[in-house]
Structure formats: C-alpha cells, structure tokens
Amino acid sequence: MPPKTAGRPRLTYFPQLAAERLDIALCRASAAVARAAEGQADDNGLGVGQHLVLKMLVAVGPCSQQTLSEELRIDRSVMVNLCDDLERAGHVRRERNPDDRRAYAVTVAGS
C-alpha cells in the first residue's frame, strides 16, 4: 500500500511512468535543469539566454546576431531581444560588420 499523506495515500505513479517512458523522464529532468539555471542566472542579474550569448562572445569573439542565433539554437526574434537587453545593460555593443554592412557584429563591451 502507498504511504499516506494527511490521511490520503501518496501517489507513486510517476516513478513507474518515468521508467516506462524515458521521454517523459527527460522532459521532467530538462525542466528541472532549466529552472535551476534560471534561478542561478537571476542571482547574477542575467537570464540564461543572455548568459549563453556572453559566454559565446567571450569564447569566439565578435559575431553576427544570426551566427549567435544559429549556434545557440535561439530563435532570431528572441536573439534580437537578448542583444537589445544586453546592449541596454552595457554588456555588449553592436556595430556594423565591416565585411557585411547589412549585418551587425555583436561584441562584449570593453573588449
């Protein structure tokens, strides 16, 4: 018999379901990791996406928003907002790419 909680039996179905359906277990694990990452990012004043953008720029140097979007698998419209927020906060700057005047090169501010 399942253990009781406040007079009701505590359900223990999820462990069985997760064992049978690994996709469900992975979705739950992914959601837990995302919540933990957001919590830590909030402590630093940056969202996960902003952190990923800065980390990539430090690692590879200036690049276009399109490259950031493709490499980090972040939708282009979301990337524009991320770069806007990072620029407003003074973390990055966007300058016209000298090799392609239609594109912006995103650079870590101060580098």
Side-chain angles (χ1 to χ4, degrees):
M1 170 159 307
K4 290 188 177 194
T5 306
R8 294 183 324 193
R10 195 176 112 230
L11 296 178
T12 57
Y13 178 68
F14 185 76
Q16 176 186 342
L17 178 63
E20 294 171 0
R21 296 280 314 266
L22 293 179
D23 57 331
I24 292 172
L26 287 172
C27 285
R28 279 287 176 99
S30 176
V33 168
R35 280 192 304 274
E38 273 299 334
Q40 183 161 2
D42 286 344
D43 292 344
N44 298 320
L46 297 172
V48 171
Q50 293 171 325
H51 180 260
L52 291 173
V53 169
L54 289 173
K55 187 172 176 71
M56 181 173 164
L57 291 173
V58 167
V60 303
C63 56
S64 70
Q65 290 175 191
Q66 179 178 350
T67 300
L68 287 166
S69 177
E70 290 169 358
E71 289 291 321
L72 296 173
R73 311 304 194 266
I74 296 174
D75 185 82
R76 290 182 311 203
S77 62
V78 173
M79 183 58 66
V80 170
N81 291 331
L82 288 172
C83 289
D84 285 345
D85 292 343
L86 286 167
E87 188 172 40
R88 230 181 335 273
H91 296 299
V92 301
R93 65 180 186 277
R94 286 185 278 197
E95 301 167 342
R96 288 281 181 197
N97 184 337
D99 298 328
D100 181 356
R101 300 290 295 159
R102 297 169 296 165
Y104 285 96
V106 182
T107 308
V108 173
S111 51

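Count residues from 1 along the sequence. Note that this is a predicted model, so its numbers are computed, not measured.
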Once rounded to the nearest 0.5 Å, what's the spacing between atom CD of Glu87 and atom OG1 of Thr107?
10.0 Å

Is there a side-chain contact between Gln50 and His91 (heavy atoms, below 4.5 Å)?
no

How long is the gap from CG on Leu46 to CG on Leu54, to the nearest 0.5 Å?
6.0 Å

With side-chain contact (heavy atoms from CB on, under 4.5 Å) as the test, would you mind laying out the steps for Asp84 and Arg94 before giving the verdict?
CA-CA 9 Å; Asp84 285 345; Arg94 286 185 278 197; 2.3 Å; yes

Please report the shortest heavy-atom distance between Val106 and Cys83, naming the atom on each side.
CG2-SG, 4.2 Å

Validation row: Arg96, Tyr104 side chains within 4.5 angstrom (heavy atoms)
yes

Within the structure provided, determine whether Leu68 and Leu57 are in side-chain contact (heavy-atom separation under 4.5 Å).
yes

Should Val92 and Val60 be regarded as members of a common hydrophobic cluster, given that ILVMFWY residues are connected when their side-chain heavy atoms come within less than 4.5 Å of each other, either directly or indirectly?
yes

To the closest 0.5 Å, what do you measure between CZ (Arg21) and CD (Gln16)?
13.0 Å

Flag the pair Met79 / Leu72 as yes when at least one side-chain heavy-atom distance between them is below 4.5 Å, and no otherwise.
yes

Verdict with supporting geometry, Met56 and Cys63, side-chain contact (heavy atoms from CB on, under 4.5 Å):
CA-CA 9 Å; Met56 181 173 164; Cys63 56; 4.1 Å; yes

Return the minimal non-hydrogen interatomic distance between Gly90 and Ala109, and the atom names on each side.
O-CB, 3.2 Å

Determine whether a donor-acceptor pair (N or O, by modelled atom type, separation under 3.5 Å) exists between the side chain of Ser69 and the backbone of Ile74.
yes

Hydrophobic clusters here meaning ILVMFWY residues chained together by side-chain heavy-atom distances under 4.5 Å, can you tell me if Val58 and Val48 are in one?
yes

If you group Ile, Leu, Val, Met, Phe, Trp and Tyr by side-chain heavy-atom gaps below 4.5 Å, do Val80 and Leu52 land in one group?
no

